[in-house]
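Below is one structure; the comments refer to it alone.
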Amino acid sequence: AARTAPEMEPQHIANSLNALGKLKVNALGGAMSELGWTALVQAAARTAPEMNEQAVSNSFNGLSKLQAAAAAMSASDWTALAQAVERTAPYMIPQAVANTLTALGKLMAAEKAMTAEGWVVLEKAAERTAPEMDDQQVAMTVHAYAKLPTVAAKVSPLAR
């Protein structure tokens with residue numbers, strides 16, 4: 001990854017993070033060096049402005065399952081990905097909204113990187129896609145808000 005990540009395109013980076021998360025690479029004991037994780041997450045941050053909504057969601061989903069990758073993220077890396085959420089949330093499908101919210105509920109640094117406007121945009125995406133969500137996506141979204149009580153309070157219609 002350290003060698004190839006700087007050349008990777010946004011979709012390839014997102015797919016790599018998501019696949020490594022599904023494979024639970026953390027459990028494989030040193031499957032990638034710290035340098036490799038750093039290169040991969042820096043590439044994700046570098047390409048975040050070009051990512052589409054699926055790539056953003058897949059990146060967050062992978063990062064939420066990869067402690068080594070999440071640990072390699074700097075505050076500015078999280079900010080770049082959080083800005084990508086804000087930019088792409090209006091175009092997310094139900095699965096992307098549910099996955100992104102679930103990941104944000106697991107990644108405290110990412111939660112902190114989100115702006116108030118970013119949360120509002122993501123909440124609007126959740127409201128827009130809710131009628132199309134399947135049972136699992138609804139459960140994931142509700143569970144995510146349970147893990148994000150401060151956010152839920154800010155975006156709840158009852159708090160407005």
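On a predicted model such as this, the values are computed, not experimentally measured, just so you know.
- A side-chain donor-acceptor contact under 3.5 Å links R87 to the backbone of A48.
- The closest side-chain heavy-atom distance from V41 to I13 is not below 4.5 Å.
- V121 and V97 fall into different hydrophobic clusters, where Ile, Leu, Val, Met, Phe, Trp and Tyr side chains are chained together by heavy-atom contacts under 4.5 Å.
- Looking at heavy atoms from C-beta onward, V56 lies out of side-chain contact with Y91 at the 4.5 angstrom threshold.
- Taking CG of L122 as the start and CD of E117 as the end, the distance is 11.5 Å to the nearest 0.5 Å.
- The distance from the CH2 atom of W37 to the CE atom of M73 is 12.5 Å, given to the nearest 0.5 Å.
- Residues L63 and W78 meet the side-chain proximity criterion, which asks for heavy atoms closer than 4.5 Å.
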Can you list, pair by pair, the side-chain donor-acceptor contacts under 3.5 Å of residues 101-113, counting residues two or more places apart and other chains?
residue	atom	partner	partner atom	Å
T102	OG1	A98	O	2.8

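- The two residues A72 and D77 come nearest to each other via the heavy atoms O-OD2, 4.1 Å.
- Inspection of the N61 and N99 side chains reveals no N or O donor paired with an N or O acceptor under 3.5 Å.
- In this structure the side chain of E86 never reaches within 4.5 angstrom of the side chain of V120, judged on heavy atoms.
- Residues satisfying the side chain to side chain contact (heavy atoms under 4.5 Å, CB included) test with E9, not counting sequence neighbours, are H12.
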Query raised in the report: Step by step, would you call D134 with Q137 a side-chain contact (heavy atoms from CB on, under 4.5 Å)?
Result: CA-CA 5 Å; D134 64 26; Q137 293 159 352; 3.2 Å; yes
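- Judged purely by atom type and a 3.5 angstrom limit, S57 has no side-chain atom pairing as donor or acceptor with the backbone of E53.
- Heavy atoms only, all atoms of each residue included: M133 and A126 are closest at CE-O, 4.3 Å.
- Minimum heavy-atom separation, L40 to S16: CD1-CB, 4.5 Å.
- Not a single donor-acceptor pair under 3.5 Å links the side chain of T129 to the backbone N or O of E132.
- Considering only heavy atoms from C-beta on, M140 stays 4.5 Å or farther from Y145 through its side chain.
- Counting only heavy atoms from C-beta outward, the side chains of L148 and W119 approach each other to under 4.5 Å.
- A heavy-atom distance below 4.5 Å is found between the side chains of N15 and N58.
- For T47 (side chain) and E50 (main-chain N/O), no donor-acceptor pair under 3.5 Å exists by modelled atom type.
- The closest donor-acceptor contact from the side chain of Q83 to the backbone of A80 lies at 3.5 Å or more, if one exists at all.
- Annotation: side chain to side chain contact (heavy atoms under 4.5 Å, CB included) contacts of A55 (sequence neighbours excluded): Q11, A14, M51, N52.
- Of all heavy-atom pairs between R128 and A89, the closest is NH2-O, 3.2 Å.
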